[in-house]
Amino acid sequence: MRCVVLGGPGAGRGTQSELLCRHLGLLWIATGDILRLAIAAPTSDDPSQAELGQLAQDYVERGELVPDEAMIQFIQLRLQQSDAAHGWILDGYPRTAFQAEELDFLLDDLGQQLNTAIYLEVPDDVQFSRSVARGRMDDQPDAVQRRIELFHTCTRPLLEYYELRDRLIRVNGDQAIDQVQQEILKKLGASQLE
Ligand code: AMP
C-alpha cells in the first residue's frame, strides 16, 4: 500500500503513521523528521543529507516550507531506493499542489499508484497547543503559527486534489491516539472494498 498522510503541525501525523506502518509492515518516510535530523547532524556521512540539512535549516526553524525543487528531488531519490519498493507511508509529503502533481508523475514513471490520502482533521487551537507542548526545534510559538497558516494556504487545497481522484479519507484527529488509529483502519478497510 502507498499512502500519504496530510495534516497540520500537531495533527498526529507522526504518531499515526508510525502505528500504521507497524501494523501494515510499511516503510515510514517522515520528511520533517528527516530534515530535522539532517539539520542536527550536519557532519553526517551522507553528503546529500548534509547538503539538504544546510539548505533546509533556515526554512524549518522559521516554520516556512522548504522549496519544492529540493523536496521533490529528495522524494524522487528516496522512493527509488529498494526498501521503498513494497509500499510506504509518506508523512508530511506532499504539502503543495506542485509536490502532489510531481508525486503522481513519479509514481506513473515507476509504474506505481497512490492508494490513499489520509487527512487528520484537528482544530487549529489543538494543533497549536499540542505542538508548543512538544517543544521541538521548530515548535516555537511563532513558527507553529506560521506552519498552521501554511497548512491552510498551501496544503489544504490538496484535500480537493485527492478528493477529485477518489483517494481522500478524512479522519477526526482530535480523539485519543487509539481511537484515531481505529478510525483510520476502519476507513482504510472500507476504501479497499469499494
Ligand atoms: P513536519 O514535522 O512534517 O511538520 O515538518 C517540519 C518542517 O519541515 C516543516 O515546517 C517544513 O519546514 C519542513 N518540511 C517537511 N516536509 C516538507 C515538505 N513536504 N515540503 C516543504 N517543507 C517541508
Side-chain angles (χ1 to χ4, degrees), residues 1-8 11-39 41 44-56 59-60 65-120 150-151 154-171 181 184-185 187-194:
M1 186 170 82
R2 295 177 188 88
C3 171
V4 300
V5 181
L6 309 170
R13 276 183 284 113
T15 307
Q16 296 300 329
S17 301
E18 189 179 10
L19 285 172
L20 201 56
C21 281
R22 242 190 270 154
H23 193 86
L24 301 176
L26 299 168
L27 175 71
W28 175 29
I29 302 175
T31 47
D33 288 349
I34 291 165
L35 291 172
R36 277 184 293 272
L37 192 70
I39 293 166
S44 140
D45 293 341
D46 181 348
S48 67
Q49 284 289 92
E51 214 175 286
L52 182 68
Q54 222 170 18
L55 176 133
Y59 295 100
V60 173
L65 292 179
V66 175
D68 279 339
E69 291 70 20
M71 295 308 299
I72 288 166
Q73 194 190 11
F74 171 78
I75 285 293
Q76 276 175 349
L77 293 173
R78 187 64 191 89
L79 293 188
Q80 291 179 66
Q81 286 169 20
S82 57
D83 61 346
H86 305 294
W88 35 253
I89 290 184
L90 289 184
D91 159 8
Y93 191 96
R95 260 175 153 98
T96 65
F98 189 29
Q99 292 180 12
E101 285 165 1
E102 289 293 325
L103 177 62
D104 278 343
F105 291 142
L106 170 65
L107 293 178
D108 267 355
D109 286 347
L110 296 174
Q112 299 175 352
Q113 256 215 339
L114 185 74
N115 300 88
T116 309
I118 300 170
Y119 170 42
L120 295 177
L150 284 171
F151 174 75
C154 299
T155 310
R156 266 195 92 88
L158 298 189
L159 302 181
E160 199 183 330
Y161 180 89
Y162 288 119
E163 203 151 40
L164 283 169
R165 287 160 179 78
D166 268 340
R167 293 198 199 134
L168 189 71
I169 288 177
R170 289 172 189 267
V171 172
Q181 185 69 193
I184 293 175
L185 288 170
K187 290 186 170 168
L188 269 181
S191 80
Q192 305 298 314
L193 296 173
E194 275 165 12

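These values consider heavy atoms only, across backbone and side chains, with no hydrogens, waters or symmetry-generated copies. Counting begins at 1 with the first residue of the sequence.
Scanning all heavy atoms of the two residues, the minimum distance from Leu79 to Ala84 falls at O-CB, 3.7 Å.
Atom OG1 of Thr116 sits about 11.0 Å away from atom CG of Asp166, to the nearest 0.5 Å. Note that CZ of Arg170 and CD of Glu163 are 4.5 Å apart. Values are rounded to the nearest 0.5 Å. In this structure, CZ in Arg167 is found 8.5 Å from CG in Asn115, a value given to the nearest 0.5 Å. With rounding to the nearest 0.5 angstrom, the CD1 atom of Ile75 is 12.0 Å from the CG atom of Asp68.
With a 4.5 Å cut-off on side-chain heavy atoms, Ile169 and Ile184 do not count as touching. Under the 4.5 Å side-chain criterion, counting only non-hydrogen atoms from C-beta, Val66 is not in contact with Phe74. Using a 4.5 Å cut-off on side-chain heavy atoms (C-beta onward), Tyr93 and Ile29 make no contact. Annotation: side chain of Thr31 is in contact with side chain of Arg95 (closest heavy-atom distance under 4.5 Å). Residues Leu158 and Val4 have side chains not in contact (no heavy-atom distance under 4.5 Å, counting atoms from C-beta outward).
The only member of Gln80, Gln81, Gln76 that meets side-chain hydrogen bond (donor to acceptor under 3.5 Å, both in side chains) when paired with Arg78 is Gln81.
Around CD of Gln73, the count of heavy atoms belonging to other residues, nucleotides or ligands within 6.0 Å does not exceed 12. Within 6.0 Å of the CD atom in Glu51, the count of heavy atoms belonging to other residues, nucleotides or ligands does not exceed 12.
The main-chain N or O of Val5 is never found under 3.5 Å from a side-chain atom of Arg13 such that the two would form a donor-acceptor pair. For Glu102 (side chain) and Phe98 (main-chain N/O), no donor-acceptor pair under 3.5 Å exists by modelled atom type.
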Stepwise side chain to side chain contact (heavy atoms under 4.5 Å, CB included) check, Ile72 with Leu106
CA-CA 10 Å; Ile72 288 166; Leu106 170 65; over 6 Å; no
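Annotation: salt bridge (Lys or Arg N to Asp or Glu O under 4.0 Å) contacts of Arg156 (sequence neighbours excluded): none.
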